[in-house]
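Below you'll find the structure, written out as structure tokens, and then a few comments.
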Amino acid sequence: MQYKHPELLWALLLLLIPIIIHLFQLRRFQKVVFTNVKFLKNVKLQTRKSSQIKKWLTLITRLLLITCLVFAFAQPFTTNSGTFNAKNETVIYIDNSFSMQVKGKNGSLLNEVIQDVLKSYREAEELTIFTNDNTYRNTSIKAIANDLIKLSHSTTQLDYESAYLKGKQYFSKDVTSVKNLILVSDFQQKDKSLEFNADSSVTLKLVQPKAIYSNNISIDSVYVDKYTNENTEIGVNLSHLGEPIKNVSVALYDNQKLVAKTSVDITNESKTSFTISNNSEFNGMLSIEDASLQYDNSFYFNINKNDKIKVLSINEGSDNFLKKLYTDDEFIYNSFDYKSLDYSAIESQNLIILNEIETISNALISSLKAFKSDGGSILIITSDDINISAYNQILNELKIQYITNAFTSEKRVTSINYDHPILKDAFYTRVSNFQYPKVNSYYTLNSNENAIYRYEDNSAFLIGSGKIFLFTAPINSINSNFKKSPLIVPALYNIAKQSLEIPQLYYSIGNTNTIDINTQIGQDAILSLEKDGEKIIPLQQTFSKKVSIVTTDNYPNSAGILVVKNNMELLRKLSFNFKRNESNLNYYNLSNNSNYSVNTSLSSAIETVKSNASINALWKWFVIFALVFLIIETLILKYLK
């Protein structure tokens, strides 16, 4: 027990006054004449005994009364912490990711946490709160109450170690202050274990509110399963956590109009499909009914009229294999003999192919350099007898590896770089043994970086950097059997497809997406993105035949279909969905340890922090005791005879 005014304890010396009074009995007695002396002795003996008891009781009550009054004025108190005089700092991390959307006892887990904060702090109390996308530093509940009530779910989530490190940065550098860091999350299981480095200067508390639902159904992805001239079959992947469920209803909408409905039985994963006519654009939304997480119950996608990719081949060799590959349904293919090339046609293309040209003129080098600067893609297929000096001149202009030597010997293509952007998702499985194509002559480069296909000695057969690609060997039928290999189709097809980034069925919110809009706009014109009356100007780069727009993790911030416009002209529609990595309702099993303590309620954690930093004032109790002893003394004097 400690005292706010310990100097007042000197007043305990006042206890000597009633002691002196009672010891010396400063009191005059009055003589009374009695006729019967024997009776007087009995009365005198009884009176003397009862008087002594009464005096001692009165003395004790008066001493206790004075003691309680002195202690009350000295204001004693107790505390649960030895650092009660130190500054108390509290930092709270609130996980507002989509997994906190699951239902708790009183609404969503996020809503429960916010209500705990609002009811646990007085309006003027200072604290710091940060979420996955906002920070409220050294503020009061009164200042941020409305912001907390309106707090929305974030498309991204800090990993728990980052939240811990970020929270520690918000404390002051005062080494004497008491620092309390509270991390509030459902603590979904991630790829790595949950660990926090010990820090003696910070008291860490983990709050893990509990959900009442352990099941969740999610629409994970949508893809084109089959495509014909008349119809497109859309595949839908669903996942489920919990007990198997039968007859899950999946509905398909076009512009909010129900066009199809089906049901599936789902254990862990399930698939279903819908058939869509190719006659018009389709602005789709898939929907399921699920009582757990809500954000993954709908999925947006749209099918636009595809822009055909323009491919121009400049030939000194046969281009029959290119004509078979770049068909009219997806491409606009044109070819020129090198000697009769129309240079004005280069500017409007998406992909230029130099097909076995022996030497490259300065005029073509200048045109290709300008074409590359304008966002075009270039594929160079070497010939049997090239002018290495002319080739290296254009390769240097295009900023790609240059040719060092020519060799005539057989070599097999044995390695595939499945992680290269050109081949990503092009193969169902990664095959190590396949029918190796071979070449009879080839060229070596100063570097084998960015190789797509490699020879058996690990040197490059096909390289690709940015939008520039180079075959290091002729692929004509005399020099190679590569044209008969299944490896040719995914490489050449994807090189052409990626020369114009045609919008996908959908994009993920939180990713940086680069989307090519096949349009020509004025020098000062800009494209805009619009949704529900909201209009923004995205990052964009204008080329002569397209505009590349970039969406970032800041926008869009809600799922749905956006419209790309040039002033009032509608150019294309783009669909965006939240990533599904928050749909897994598996959680870490937390328990107290030396590095942190665990609570299931934020209010109880805050109460613990406050009780450790607060004092228990006792002066009121001593005032009450003083009144009690005063009453006891009065009763003794009045009723004790």
Side-chain angles (χ1 to χ4, degrees), residues 1-30 32 43-90 119-127 140-141 174 176-180 203 205 597 599 601 603-641:
M1 186 167 65
Q2 304 178 66
Y3 302 90
K4 187 176 182 180
H5 304 292
E7 66 276 5
L8 294 181
L9 294 177
W10 286 103
L12 290 175
L13 294 174
L14 295 175
L15 294 174
L16 295 173
I17 296 176
I19 293 174
I20 292 172
I21 292 175
H22 281 265
L23 287 178
F24 290 94
Q25 297 184 4
L26 299 177
R27 185 175 182 183
R28 293 183 179 181
F29 295 93
Q30 184 179 0
V32 179
V43 171
K44 183 177 181 181
L45 181 61
Q46 294 176 4
T47 303
R48 184 173 296 171
K49 290 180 179 179
S50 61
S51 177
Q52 289 295 326
I53 295 173
K54 185 174 183 179
K55 288 178 181 178
W56 282 110
L57 290 175
T58 304
L59 174 61
I60 292 171
T61 55
R62 287 175 179 174
L63 291 175
L64 292 174
L65 171 62
I66 295 173
T67 301
C68 289
L69 288 175
V70 172
F71 275 98
F73 281 103
Q75 296 190 22
F77 63 88
T78 61
T79 180
N80 294 329
S81 172
T83 57
F84 67 93
N85 278 327
K87 179 182 178 182
N88 188 59
E89 300 180 51
T90 301
K119 72 182 181 182
S120 298
Y121 283 97
R122 295 189 298 273
E123 289 186 347
E125 286 187 272
E126 187 178 280
L127 75 161
S140 65
I141 290 298
D174 185 0
T176 63
S177 65
V178 179
K179 299 175 176 63
N180 300 289
T203 301
K205 295 183 179 297
S597 59
N599 294 83
S601 168
S603 58
S604 63
I606 294 174
E607 184 179 351
T608 302
V609 169
K610 287 188 172 184
S611 64
N612 289 337
S614 63
I615 61 173
N616 300 317
L618 303 177
W619 67 269
K620 295 179 181 179
W621 289 103
F622 283 99
V623 171
I624 294 172
F625 290 148
L627 292 175
V628 170
F629 290 129
L630 179 61
I631 294 172
I632 292 174
E633 181 186 0
T634 303
L635 294 176
I636 290 173
L637 294 175
K638 185 173 182 179
Y639 294 105
L640 187 61
K641 301 299 183 179

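Taking 4.5 Å as the limit, every side-chain heavy atom of Leu630 sits out of range of all side-chain heavy atoms of Ile632. Counting heavy atoms from C-beta on, the side chains of Thr90 and Tyr121 come closer than 4.5 Å.
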Stepwise side-chain hydrogen bond (donor to acceptor under 3.5 Å, both in side chains) check, Ser177 with Lys179 | CA-CA 6 Å; Ser177 65; Lys179 299 175 176 63; 2.8 Å; yes

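In this structure Ser140 satisfies the side-chain contact (heavy atoms from CB on, under 4.5 Å) test together with Lys142, Ala143, sequence neighbours excluded.
Considering CG of Leu57 and CG of Leu635, their distance stands at 12.0 Å, rounded to 0.5 Å. Once rounded to the nearest 0.5 Å, the distance linking NZ of Lys205 with CD1 of Ile606 reads 11.0 Å. With rounding to the nearest 0.5 Å, the separation of CD in Glu89 from OG1 in Thr203 is 11.5 Å. Note: Phe629 CZ to Leu64 CG = 4.0 Å, rounded to the nearest 0.5 Å.
Considering every non-hydrogen atom in both Leu65 and Ala626, the closest pair reads CD1-O, 2.9 Å.
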